[in-house]
Amino acid sequence: MTAAELTPQEGARWALRAGLPLTDDRLAAVTATANHIHSVVGVLRELDLGQTPPAPVYQAGGTSRAAL
């Protein structure tokens with residue numbers, strides 16, 4: 001387990017803080033899901049999207065309006 005991963009106890013504390021108390025039988029599953037989401041978001045943050053046009057000007061399979 002890395003330092004960035006939540007433990008079930010930390011997951012319970014964060015859930016309670018958000019007003020979502022968890023029962024003991026759900027702690028492990030909820031914590032594993034939160035850790036998985038955190039790892040996916042971490043990968044997405046590493047993507048270089050510097051040359052990607054903003055969504056309103058992007059046309060799939062074509063050119064962007066910004067290039068016209």
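Treat the numbers as computed from the prediction; the structure is a model and nothing was measured.
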Heavy-atom pair of closest approach, residues Pro8 and Leu27: O-CD2, 3.9 Å
Residue pairs involving residues 39-49 (criterion side-chain hydrogen bond (donor to acceptor under 3.5 Å, both in side chains); sequence neighbours excluded): none
Whichever hydrophobic residues join Val41 through chains of side-chain contacts under 4.5 Å: Ile37
With sequence neighbours excluded, residues passing side chain to side chain contact (heavy atoms under 4.5 Å, CB included) with Val40: His36, Leu44
Minimum heavy-atom distance between Asn35 and Leu6, given as atom pair plus value: OD1-N, 2.8 Å
Set of residues satisfying side chain to side chain contact (heavy atoms under 4.5 Å, CB included) with respect to Leu16, sequence neighbours excluded: Pro21
Atom of Thr31, atom of Gly11 and distance for their closest heavy-atom approach: OG1-CA, 4.1 Å
Pairing residues for Arg13 by the side chain to side chain contact (heavy atoms under 4.5 Å, CB included) criterion, not counting sequence neighbours: Glu10
